[in-house]
Amino acid sequence: MHRWPLMLDLKFFRENQDLVRAGIARKKFDCDIDAVIELDEQRRRIIREAEEKRAAQKAANAEMAKLDKGSGAFQNKVAEMRGLAQEVKSLQSKQAEVETEWEAAFMSIPNVPDPSVPDGQSEDDNVTFHTWGDPQSVSGEALPHYDISWFSHYVDLERGTKITGAGFPVFRGQMARLVRGLLEFFLERNAAAGFEEMHPPLMVNAASATATGQLPDKEGQMYFAPEDGFYLIPTAEVPVTNFYRDEILEAGQLPLRACAYTPCFRREAGSYGKDVRGLNRVHQFDKVELVEWVHPEESMIELERLREHVQGLVEALKLPYRTLLMCSRDIGFPHAKQYDVEVWAGGQQRWLEVSSCSCFTDFQARRANIRFRDESGKPRVVHTLNASGLAIPRVLAAILENNLQADGSVLLPDALVPHFGGDRLTPPRS
RNA sequence: GGAGAGAUGGCUGAGUGGCCGAAAGCGCCCGCCUGCUAAGUGGGUAUACGGCUUUAAACCGUAUCGAGGGUUCGAAUCCCUCUCUCUCCGCCA
């Protein structure tokens, strides 16, 4: 009686419980698969019963349609059908109840990791997949960005705290321009690579957040406006992926590629005191995001392409980086496979994550009900991918740290010069 | 925020309590016909879930006429709530 999204391939799930179980066991999420299976059985039992009664009711209705309404036979039939009508009603409400319960249980099941994802217990088990540039080659002047004398002038965290709260920086003057230049650089480079630029809403409803997997997994990490039931987006992935929610695309349209610049809002609950200095972790930041909708058979190849594209962005900025293949316990709830790209921040002498390139296989597309017509004309669920391209604050941090000159200026990579309108950021006057 | 109008299949658009999953037209697909094209002509043309089946197809059943709830033996059709769209007014970047 209800239409619910195709959350998982039900049949696959039922018939390959062991695979699903084994896959999920490699991840870090708790979920009760037995409960889901039990609820599914219960659900199907009730559906069958309710539908049988309903079919009987409909058959009787068809007969009654042919009877004279004033006749005794008609009146008898009405009396006879009263009981059945009650049964149908109560079965249907029971069905709705079980389905709601089952759906909630189902939504808590994470995606299964791809076989190529290495086992691992923590971030220490992530595999270094690729490196580029020499971390030791950075400027001898390197300082943590937050220790650069003029940093608090250009990135005013104190006033941001006054205006809003901790973790809401105000970028000023040349730094604001540099942020804008970076965004422009990323957007243009992505557009040149075939990503359609989008400018989406910054707030989303619960259905959208559920489709991409933020709900129910990350409920506490999003800012929420209860009056309207809207969530501030933690990434443009959410509104952009939902662009095609509940749609059936044509096979010829795939792959679809989009990019979007948006501010991102993250409560970062539970990470207090961890990496929070300067720009390392803030509650609002700018990011250009890449999203793709692809044919299921191409998603893993596309992930590699996407990763290479993202690496190209970092290379254009001349920032040493490494790409990690994330291990099973370090990939996210909706992820099948994930690479993180981390740039070297020479002042802090540490790696900063600036992009996460992910393949969600059909996990998000099922929840979002995004399908395409395959060669035979049958609807099939697409695969989605996304990547940051790139997140601004940490890129900024690395540029500041790695390119700091003795006179306090920061030399900018050639690629940014036309977007910034100069080849270096200079200390503020006075 | 106030007043009014509306929401039906890929599209247009009928349908105001009883075989309505839904007329008709358009589009699309398959066939026929036709020097070619156009026209004509016959048929077909949703999705999901459940059942059956080794799988799939076929088949059977159920649901879906913006969403949710109600009335009724029976709802696209009646009632309530909500959402959205359009028009007018107000407010406002």
Side-chain angles (χ1 to χ4, degrees), chain A residues 1-17 19 36-107 199 201-208 210-211 225-230 239 242-253 263 362 365-382:
Chain A
M1 63 188 289
H2 296 299
R3 188 194 301 162
W4 52 86
L6 313 153
M7 282 154 294
L8 276 171
D9 189 323
L10 276 175
K11 288 183 182 127
F12 180 87
F13 182 78
R14 274 183 219 137
E15 287 156 19
N16 301 278
Q17 286 172 38
L19 269 176
V36 173
I37 288 169
E38 162 61 26
L39 283 165
D40 181 44
E41 277 165 14
Q42 203 178 328
R43 166 183 154 271
R44 281 188 293 158
R45 204 162 50 235
I46 289 167
I47 285 174
R48 192 156 78 210
E49 202 180 338
E51 287 187 352
E52 275 166 13
K53 299 266 196 224
R54 178 67 181 145
Q57 190 183 31
K58 284 187 69 168
N61 288 341
E63 280 179 49
M64 291 169 75
K66 292 177 196 152
L67 293 174
D68 174 11
K69 281 167 203 61
S71 70
F74 186 86
Q75 289 307 326
N76 288 342
K77 206 72 183 164
V78 169
E80 185 187 327
M81 293 313 293
R82 275 208 182 102
L84 186 59
Q86 277 312 310
E87 285 182 61
V88 167
K89 197 163 284 186
S90 83
L91 275 170
Q92 285 180 342
S93 76
K94 178 75 182 159
Q95 181 184 337
E97 208 176 285
V98 173
E99 278 177 351
T100 302
E101 209 181 324
W102 165 81
E103 182 178 324
F106 225 16
M107 292 310 254
H199 197 63
L202 305 182
M203 301 181 99
V204 295
N205 55 35
S208 292
T210 304
E227 284 282 297
D228 301 284
F230 296 156
N242 276 279
F243 186 75
Y244 291 112
R245 175 147 55 87
D246 292 321
E247 293 191 27
I248 301 179
L249 307 165
E250 295 306 322
Q253 290 179 266
D362 55 5
R366 267 206 191 95
R367 292 173 159 229
N369 195 22
I370 304 170
R371 292 169 293 170
F372 73 104
R373 276 186 204 288
D374 69 10
E375 299 65 26
S376 68
K378 290 286 167 221
R380 285 177 64 190
V381 176
V382 303

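Reminder, nothing fancy here: chain letters follow the sequence lines and each chain counts from 1.
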**OP:** Would you mind reporting whether A/Phe372 and A/Ile248 have side-chain heavy atoms less than 4.5 Å apart?
**Re:** no

**OP:** Please check the phosphate of B/rC49 (OP1 and OP2 only) for any side-chain N or O of A/Arg44 closer than 4.0 Å.
**Re:** no

Original post:
Rounded to the nearest Å, what distance is computed from the CD atom of residue A/Gln95 to the C1' atom of nucleotide B/rU62?
Top reply: 9 Å

**OP:** Tell me whether the OP1 or OP2 atom of B/rU72 has a side-chain N or O from A/Arg82 closer than 4.0 Å.
**Re:** no

**OP:** Under the side chain to side chain donor-acceptor pair (under 3.5 Å) rule, collect the residues that match up with A/Asn76, sequence neighbours excluded.
**Re:** none

Original post:
When you compare B/rG69 with B/rA63, how far apart are their P atoms, in angstrom units rounded to a whole number?
Top reply: 15 Å

Original post:
Taking the P atom of each, how far is B/rA48 from B/rU53, in whole Å?
Top reply: 22 Å

Subject >> B/rG21 versus B/rU16 - spacing of their P atoms, nearest Å >> reply: 16 Å

Subject >> Residue whose nearest RNA chain B nucleotide is more 5′ - A/Gln57 or A/Ala62 >> reply: A/Ala62

Subject >> A/Arg45 side chain to A/Gln42 side chain, donor-acceptor N/O pair below 3.5 angstrom >> reply: no

**OP:** Check whether any side-chain nitrogen or oxygen of A/Arg371 sits under 4.0 Å from OP1 or OP2 of B/rA46, and answer yes or no.
**Re:** no

Subject >> Separation between the P atoms of B/rG9 and B/rC65, rounded to whole Å >> reply: 10 Å

Subject >> B/rG13 and B/rC73, which share atom name C1', separated by this distance in whole Å >> reply: 32 Å

Original post:
Closer to the 5' end of RNA chain B via nearest nucleotide, is it A/Met64 or A/Ile248?
Top reply: A/Ile248

Subject >> Pairwise P distance for B/rG18 and B/rA76, with rounding to whole Å >> reply: 10 Å

Subject >> B/rC84 versus B/rC79 - spacing of their P atoms, nearest Å >> reply: 22 Å

